[in-house]
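Just so you know, these numbers use all the heavy atoms, side chains as well, and skip hydrogens, waters and symmetry mates.
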Amino acid sequence: CAVEYGPQASGVYFLMAGGVFSIAALVAVLNNRLMVAGWVLVVAMFFVGAVLLAGALSVRAHARNVWIQSQQTTNRAGVHR
């Protein structure tokens, strides 16, 4: 389904933005613009953190779905069907 690819595609864009801002921070450091480099690096870490958070939430949702499915296969006596 096309809907399932939405979050992954936006994650790629966030990762690309983090890479671009990291490179911009490196260029600023090489040009001795340390104040600019610091702020650009903060912005880069925001985008990379968003990617990591999305991945962690995805893993957590998958684990919750697996747990729910395991509970549904157990009857009231606690015996697996």
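In terms of heavy-atom proximity, Gly18 sits nearest to Ala44 at O-CB, 3.7 Å.
Here CZ of Phe14 is found 12.5 Å from CG of Leu52. Values are rounded to the nearest 0.5 Å.
Between Phe47 and Phe21, the two ring planes are parallel [angle under 30°; tilted spans 30° to 60°].
Using a 4.5 Å cut-off between side-chain heavy atoms of Ile, Leu, Val, Met, Phe, Trp and Tyr, with links allowed through other members, Val40 and Phe46 fall into the same hydrophobic cluster. In the hydrophobic clustering of ILVMFWY residues, with side-chain heavy atoms under 4.5 Å counting as a link, Val29 and Val43 come out apart.
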